[in-house]
Trainee: 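Sending over a structure as structure tokens; questions will come in a sec.
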Amino acid sequence: MEWSACLDEYEKLVIRMTTPRVVIDNAVCPKATVVKVDSARKHGILLEAVQVLTDLNLSIKKAYISSDGRWFMDVFHVTDLKGNKITDKSVINYIEQSLVTIHYGRTTGSNGLTALELTGTDRVGLLSEVFAVLADLQCNVVDAKVWTHNGRIASLLFVKDCNSGSPIEDTQQIDRIEARLRNVLKGDNDIRSAKTMVSMAVTHTERRLHQMMFADRDYERKPILQPSGDSPVVTVQNWVERDYSVVNVQCKDRTKLLFDVLCTLTDMEYTVFHATIKTSGDRAYQEFYIRHSDGTPISSEPERQRVIQCLQAAVERRASEGVRLELCTLDRQGLLADVTRTFRENGLNVTRAEVSTTRDMALNVFYVTDAIGNAADPKLIESVRQKIGLSSLKVKELPPLDYHQEAEKEDQTAGVAGTVLLSLGSLVKWNLYHLGLIRSYS
């Protein structure tokens with residue numbers, strides 16, 4: 001065989017070995033679609049796989065993750081938000097194609113928009129001031145996500161020029177935008193920590209928000225309000241015999257919970273070698289066996305406490321308190337400035353926001369509380385709706401969690417309360433199933 005032919009065969013072998021193998025099965029589990037992924041292991045690949053599923057708003061009800069040497073194996077039990085299996089063939093094909101390519105990494109372009117990153121001290125009406133400045137500078141906000149946590153705010157805004165409809169590339173205009181927004185974020189007492197940055201491309205939006213909050217050290221700050229009794233419980237212990245640190249997370253279940261936890265573990269340079277994820281009713285139980293990127297477990301009490309703080313923050317950032325308001329109306333210049341000004345003038349504080357534009361329609365979601373973070377008065381909400389438009393601004397409740405709770409009663413003892421041996425038993429059963437030695441691992 002010629003040398004070039006040998007190289008071709010070798011390249012084909014490498015591709016086969018490094019390309020993830022994906023199987024999506026609707027027969028093995030009566031209540032969920034089972035997604036199996038086998039891949040060569042690399043830092044962050046678990047997060048990439050989970051990101052594919054959560055970007056489709058799929059709920060991960062169970063998961064078994066294990067790595068053997070340089071190989072990575074995991075199984076996800078997923079449903080849609082109503083608790084149903086995934087049966088749409090186009091969605092199944094998209095999942096397969098996306099998971100097959102995760103080994104090569106993925107980036108998110110700006111789609112012809114300019115990205116603005118903002119971090120600083122949160123205050124009532126801050127978002128209104130930000131949108132007012134952008135409207136004054138002829139910037140149209142096409143897409144945005146805003147998170148607040150422990151008195152801090154992080155936002156990623158995608159804008160274009162109102163007149164040309166093009167991304168903003170003029171350096172002088174960019175400097176003006178940065179300077180004006182920095183002054184707004186500084187307020188009277190945040191001279192040092194207020195930050196603004198302009199970019200033409202970013203990574204995954206929500207992953208970037210986690211990175212921004214992490215860099216802002218929101219996890220070290222005390223919450224403005226006393227946390228509720230349903231705060232996440234995080235424990236970290238070392239399994240000395242196997243050189244693992246065992247991390248347990250117990251909290252209320254919600255969509256994208258696993259994604260949020262993995263973002264922080266990945267950004268803190270920890271590798272997940274094994275994990276079991278289970279839900280029971282509205283509770284989630286997650287257990288991870290991790291090591292640092294240099295192969296060592298957590299080695300000090302300050303590091304252990306930092307991991308606990310960071311994971312609690314990762315869970316809490318998206319779990320913003322407040323009434324969910326959905327705005328659906330024709331988009332126009334200054335719309336966001338007008339709406340958020342109405343919120344501010346009526347004493348409503350925006351704790352989280354998601355802004356999107358589809359063709360000529362603005363589709364925005366706001367979570368609002370009163371000025372000090374308590375539940376907003378329903379009469380005040382109704383007054384605000386009348387001023388903005390009853391048909392445009394609606395109060396929406398989050399869909400209740402319903403994943404066939406009767407079928408999961410046997411899982412109630414799993415999770416944080418479980419012992420290391422119980423978790424290892426799940427992993428062993430998963431490995432036996434993967435090897436074809438048993439017919440079920442549920």
Trainee: Looking only at side-chain N and O atoms, does Asp260 offer a donor or acceptor that is under 3.5 Å from a partner on His210?
Mentor: yes
Trainee: Grab the two heavy atoms, one from Leu348 and one from Val124, that are nearest each other, plus how far apart they are.
Mentor: O-CG1, 4.3 Å
Trainee: Report yes if some heavy atom in the side chain of Val247 is under 4.5 Å from a heavy atom in the side chain of Thr235; otherwise report no.
Mentor: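 The answer is no; the side chains never approach within 4.5 Å.
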Trainee: What residue pairs, at least two apart or across chains, pass salt bridge (Lys or Arg N to Asp or Glu O under 4.0 Å) with a residue in residues 172-182?
Mentor: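 Every salt bridge (Lys or Arg N to Asp or Glu O under 4.0 Å) pair that includes a residue of residues 172-182, provided the two are not neighbours, is Asp136-Arg180.
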Trainee: Is there a side chain to side chain contact (heavy atoms under 4.5 Å, CB included) between Phe76 and Ile277 once you walk through the steps?
Mentor: CA-CA 9 Å; Phe76 304 100; Ile277 311 299; over 6 Å; no
Trainee: Quick one: does any side-chain atom of Gln173 pair with a main-chain N or O of Leu137 as donor and acceptor, under 3.5 Å?
Mentor: yes
Trainee: For the residue pair Phe366 and Ala353, what are the closest heavy atoms and their distance?
Mentor: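 Heavy atoms only, the tightest pair is CD2-CB, 3.9 Å.
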Trainee: Taking atom CG of Asp143 and atom CG of Leu113, what is their separation to the nearest 0.5 Å?
Mentor: 7.5 Å
Trainee: Please give me the minimum heavy-atom distance between Lys252 and Leu257, naming the atom from each residue.
Mentor: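 So the minimum-distance heavy-atom pair works out to O-CD2, 4.0 Å.
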Trainee: Can you confirm if the NZ or CZ of Arg291 lies within 45° of the ring axis of Phe273 and under 6.0 Å from the centre of its six-membered ring?
Mentor: yes
Trainee: Indicate yes or no: at least one non-hydrogen side-chain atom of Arg283 is less than 4.5 angstrom from one of Tyr285.
Mentor: yes
Trainee: Would you check if the side chain of Arg352 reaches a backbone N or O of Trp147 as a donor-acceptor pair within less than 3.5 Å?
Mentor: no
Trainee: Below 4.5 Å, heavy atoms only, C-beta onward: do Asn84 and Thr79 meet side chain to side chain?
Mentor: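 Contact flag for Asn84/Thr79 side chains = no.
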Trainee: Do Glu117 and Lys195 sit within salt-bridge range, that is, some charged N less than 4.0 Å from a carboxylate O?
Mentor: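 The answer is no: the pair does not qualify as a salt bridge.
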Trainee: Please determine whether a side-chain nitrogen of the Lys or Arg among Glu303 and Arg306 lies less than 4.0 Å from a carboxylate oxygen of the Asp or Glu.
Mentor: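 Between Arg306 and Glu303 there is no salt bridge, as every charged N stays at least 4.0 Å from the carboxylate O atoms.
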Trainee: Can a donor-acceptor pair be found, under 3.5 Å and without considering hydrogens, that links the side chain of Thr340 to the backbone of Leu336?
Mentor: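 Checked: pair present.
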Trainee: Can you see whether His204 engages Asp55 through a side-chain donor-acceptor pair at a distance of less than 3.5 angstrom?
Mentor: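 Yes, a side-chain donor-acceptor pair sits under 3.5 Å.
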Trainee: Walk me through it: do Val368 and Thr351 pass the test side chain to side chain contact (heavy atoms under 4.5 Å, CB included)?
Mentor: CA-CA 6 Å; Val368 298; Thr351 61; over 6 Å; no
Trainee: Should we count CG of Asp360 as having more than 12 external heavy atoms under 6.0 Å?
Mentor: no
Trainee: Going from CG on Asn346 to CD1 on Ile381, what distance comes out if it is rounded to the nearest 0.5 angstrom?
Mentor: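 These two atoms lie 9.0 Å from each other.
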Trainee: Less than 4.5 Å apart, any side-chain heavy atom of Asn349 and any of Asp370?
Mentor: no
Trainee: Check for a donor-acceptor pair, side chain of Thr279 on one end and backbone N or O of Ala284 on the other, with a separation under 3.5 Å.
Mentor: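 It does not hold such a pair.
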Trainee: Keeping Ser392 on the side-chain end and Ile388 on the backbone end, is there a donor-acceptor pair under 3.5 Å?
Mentor: no
Trainee: Hey, does the side chain of Ser39 reach the backbone of Pro20 with a donor-acceptor pair shorter than 3.5 angstrom?
Mentor: no
Trainee: Minimum heavy-atom separation for His149 and Met213, please, with both atom names.
Mentor: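 Minimum heavy-atom contact is N-CE, 3.8 Å.
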Trainee: Short question: side chain of Asn150, backbone of Asp218 - any donor-acceptor pair under 3.5 Å?
Mentor: yes
Trainee: Does a donor on one side chain sit under 3.5 Å from an acceptor on the other, for Gln386 and Glu382?
Mentor: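 There is no such pair between these side chains.
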Trainee: Rounded at 0.5 Å granularity, tell me how far CZ in Arg208 sits from CZ in Phe214.
Mentor: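 Here the interatomic distance stands at 12.0 Å.
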Trainee: If we only count heavy atoms from C-beta on, is the Leu116 to Leu134 side-chain gap below 4.5 Å?
Mentor: yes
Trainee: Any chance the side chains of Gln138 and Gln333 put a donor and an acceptor closer than 3.5 Å?
Mentor: yes
Trainee: Closer than 4.0 angstrom, basic N to acidic O: yes or no for Arg318 and Glu206?
Mentor: yes
Trainee: Verify the ring-centre separation between Tyr244 and His274: is it less than 6.0 angstrom?
Mentor: yes
Trainee: Where the side chain of Lys85 meets the backbone of Cys29, is there a donor-acceptor pair that is under 3.5 Å apart?
Mentor: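 Yes; judged by distance alone, with no hydrogens or angles, the pair exists.
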Trainee: Can you establish whether the number of heavy atoms outside Gln172 located under 6.0 Å from its atom CD is more than 12?
Mentor: no
Trainee: Quick one: does Leu363's side chain get under 4.5 Å of Thr358's, heavy atoms only?
Mentor: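 Counting from C-beta outward, Leu363 and Thr358 do come under 4.5 Å.
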Trainee: Might you point out which heavy atoms bring Gly322 and Thr369 nearest each other, and give the distance in Å?
Mentor: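 Where Gly322 meets Thr369 most closely, the heavy atoms are CA-CG2, 3.7 Å.
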Trainee: For Ser245 and Ile298, indicate whether the former's side chain and the latter's backbone hold a donor-acceptor pair under 3.5 Å.
Mentor: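 At least one qualifying donor-acceptor pair exists.
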Trainee: Starting from the C-alpha separation in whole Å, work towards a yes-or-no answer on side chain to side chain contact (heavy atoms under 4.5 Å, CB included) for Leu265 and Met268.
Mentor: CA-CA 5 Å; Leu265 288 175; Met268 294 181 75; 5.6 Å; no
Trainee: May I ask you to say whether Asp216 pairs ionically with Arg152, meaning some side-chain N is under 4.0 Å from a carboxylate O?
Mentor: yes
Trainee: How far apart are the C-alpha atoms of Asn26 and Thr33, what are their side-chain angles, what is the distance that settles it, and do they pass the side chain to side chain donor-acceptor pair (under 3.5 Å) test?
Mentor: CA-CA 5 Å; Asn26 266 320; Thr33 298; 2.5 Å; yes
Trainee: Does the side chain to side chain contact (heavy atoms under 4.5 Å, CB included) test come out yes or no for Leu126 and Ile153, once each step is laid out?
Mentor: CA-CA 9 Å; Leu126 175 59; Ile153 185 171; 3.7 Å; yes
Trainee: Ignoring hydrogens and geometry, is there a side-chain-to-backbone donor-acceptor pair from Thr101 to Ser98 under 3.5 Å?
Mentor: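 At least one qualifying donor-acceptor pair exists.
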Trainee: Test Ser164 against Asp161 for side chain to side chain donor-acceptor pair (under 3.5 Å), laying out the working first.
Mentor: CA-CA 6 Å; Ser164 67; Asp161 183 83; 3.3 Å; yes
Trainee: Do the charged groups of Arg332 and Asp338 touch, with an N to O distance under 4.0 Å?
Mentor: yes
Trainee: Working to the nearest 0.5 angstrom, can you tell me the gap between Arg341 CZ and Lys387 NZ?
Mentor: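 Answer rounded to 0.5 Å: 11.0 Å.
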Trainee: Looking at CG of Asp122 and OG of Ser155, how far apart are the two atoms once the value is rounded to the nearest 0.5 Å?
Mentor: 10.0 Å
Trainee: Holding to side-chain hydrogen bond (donor to acceptor under 3.5 Å, both in side chains), I want the full list of residues that pass it with Arg207, two or more places apart in sequence or in another chain.
Mentor: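 side-chain hydrogen bond (donor to acceptor under 3.5 Å, both in side chains) list for Arg207, sorted by chain: empty.
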Trainee: Can you see which heavy atom on Ala337 is nearest to which on Ser128, and at what distance?
Mentor: O-OG, 4.3 Å
Trainee: Give, for atom CG of Asn248 and atom OG1 of Thr276, the distance between the pair rounded to the nearest 0.5 Å.
Mentor: 8.0 Å
Trainee: Yes or no on ring-ring contact (aromatic ring centres under 6.0 Å, His included) for Tyr270 and His43, after CA distance, side-chain angles and deciding distance?
Mentor: CA-CA 8 Å; Tyr270 292 107; His43 183 67; 9.4 Å; no
Trainee: Thr54 versus Thr255: any side-chain heavy-atom pair under 4.5 Å?
Mentor: no
